[in-house]
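Reading through the structure tokens given below for one structure.
In what follows, chains are A, B, ... by sequence order, proteins preceding strands, each numbered from 1.
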Amino acid sequence: MTGLGVGNKATVLFSPPLSRYLSPMSASFPPLPPPRPADLLAWYDLNHRRLPWRVAPSDRDDGVVADPYRVWLSEVMLQQTTVAAVKSYFEAFTNRWPSVRDLAAAPEEEVMKAWAGLGYYSRARNLKACAEAVARDHGGRFPETEAALVRLPGVGPYTAAAIAAIAFDRPATVVDGNVERVIARIFAVEDPMPTAKPEIRRLAATLTPEARPGDYAQAMMDLGATLCTPKKPACALCPWIASCRARAGGAPETFPRRSPKAARPTRVGTVHVAVRADGAVLLRRRPPKGLLGGMSEVPGGEWREASLGAGAAAPPLAGAWRRVAGVVEHTFTHFHLELTVMRGDVAHGVAAPAGFWWSAPSDLPGEALPTVFRKAIAAGLGRVI
DNA sequence: GAAGCGTGGAG
DNA sequence: TCTCCAAGCTT
């Protein structure tokens with residue numbers, strides 16, 4: 001071993017990635033040793049998380065290999081979603097549909113119901129479409145290259161790289177929010193997000209190893225999730241602390257830099273919770289695309305800017321309608337919503353209008369209802385569903 | 001390239 | 001309470 005010992009300042013001995021530490025932009029920082037993938041992998045071997053979809057290094061010693069279906073399913077579920085939220089859904093999906101062919105053969109409505117509550121519902125539609133594409137176009141086996149994977153519905157650059165690396169152990173560079181944070185800190189990237197994305201990707205690619213790329217990808221994400229966290233990073237435990245320029249600068253938690261976010265507007269609307277004498281609730285299907293696309297809902301009017309006030313919405317059935325006290329609040333990614341809930345009690349035997357159906361109390365929990373409508377129904381019924 | 005698209009948990 | 005956000009993709 002030659003070269004990178006403490007106090008060795010002979011730049012001619014440094015490997016290529018270190019050159020960026022000596023570039024003009026880094027002049028204000030002391031030279032730091034480059035981050036070594038092997039150090040991260042050694043940390044991962046001892047400190048990795050045990051996750052339902054993960055094949056740990058020790059599992060592999062026992063002959064367990066990654067199942068591309070489970071890798072893909074977990075990666076799609078984890079898009080913009082926490083590990084804690086995904087676990088029970090992953091178990092439910094893999095129990096009910098153990099293979100991609102099983103999922104391909106499932107009715108889309110059943111997939112939407114099983115996905116209800118997890119959010120970003122276009123993922124569920126794309127999940128189904130992707131399973132069908134794999135079954136139909138690839139003989140039921142996932143393609144192994146990023147280029148082929150990224151052509152599948154709902155599989156973008158991140159997910160394609162993750163499947164290639166984790167399921168097929170190909171040296172793909174996986175860049176998610178965790179990796180962006182780790183890289184932005186290690187290299188002290190000053191450009192704000194999202195401007196810095198291309199630079200971060202380029203830097204991340206310089207580190208991707210040929211050895212154990214799947215474990216390396218998961219190690220990067222575990223590092224970001226458990227130590228290199230958005231707030232109060234646990235730098236003292238980090239295998240790359242000696243290489244981290246953000247740490248050297250004294251404020252690692254301020255990376256990646258971000259531009260101020262726009263304020264979230266408030267919208268208002270009215271929903272009608274029609275309750276039949278037996279407790280059934282009147283539902284309908286939302287349009288296939290757009291907000292909460294393809295999911296079920298209670299009928300209601302348009303959601304408009306709060307300054308315009310809630311527009312008048314026609315009840316789905318004639319009868320006695322009373323306003324429920326208070327409003328139901330729900331915050332989406334890009335706006336806050338306040339719903340006025342109207343309740344109407346309907347006699348037995350009243351038929352559902354065209355396009356609607358009555359959902360019995362025992363069926364409500366299993367309906368493809370987004371959380372906002374579960375809240376509204378709960379307010380209308382005076383009990384959770 | 002920017003905007004649209006959910007949710008529940010952490011701090 | 002409120003802000004932020006967690007393994008992004010699509011259009």
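Inter-residue side-chain proximity for A:Phe93 and A:Trp115 is flagged as met; some heavy-atom pair is nearer than 4.5 Å.
Note that A:Arg286 lies in the cation-pi zone of A:Trp303, set by a 6.0 Å cut-off to the ring centre and a 45° limit from the axis.
Mapping A:Ala84 and A:His334 onto DNA chain B via the closest heavy atom, the residue that lands nearer the 5' end is A:His334. Both A:Leu118 and A:Lys231 lie near DNA chain B, and the one whose nearest nucleotide falls closer to the 5' end is A:Leu118. Taking for each of A:Val83 and A:Lys289 the nucleotide of DNA chain C with the nearest heavy atom, the 5'-most of the two is the partner of A:Val83.
Atom CZ of A:Arg123 and atom C1' of B:dG4 are 14 Å apart (whole Å). Atom P of nucleotide C:dT3 and atom CD of A:Glu329 are separated by 12 Å, given to the nearest angstrom. Rounded to whole Å, atom P of C:dC4 lies 16 Å from atom CE of A:Met193.
Taking 3.5 Å as the limit, the base of B:dG6 and the side chain of A:Thr371 contain no donor-acceptor pair of atoms between them. Side-chain N/O atoms of A:Thr331 and base N/O atoms of B:dG6 include no donor-acceptor pair closer than 3.5 Å.
Checking the phosphate oxygens (OP1, OP2) of C:dC5, a side-chain nitrogen or oxygen of A:Arg258 falls inside 4.0 Å. Regarding contacts with the backbone of B:dT7, a side-chain N or O of A:Tyr121 is found under 4.0 angstrom from either OP1 or OP2.
The six-membered or imidazole ring of A:Phe142 lies near that of A:Trp72, with a centre-to-centre distance under 6.0 Å.
Comparing the P positions of C:dC9 and B:dG8 gives an interatomic distance of 22 Å, to the nearest angstrom.
A salt bridge links A:Arg212 to A:Asp215: one of the charged nitrogens lies within less than 4.0 Å of a carboxylate oxygen.
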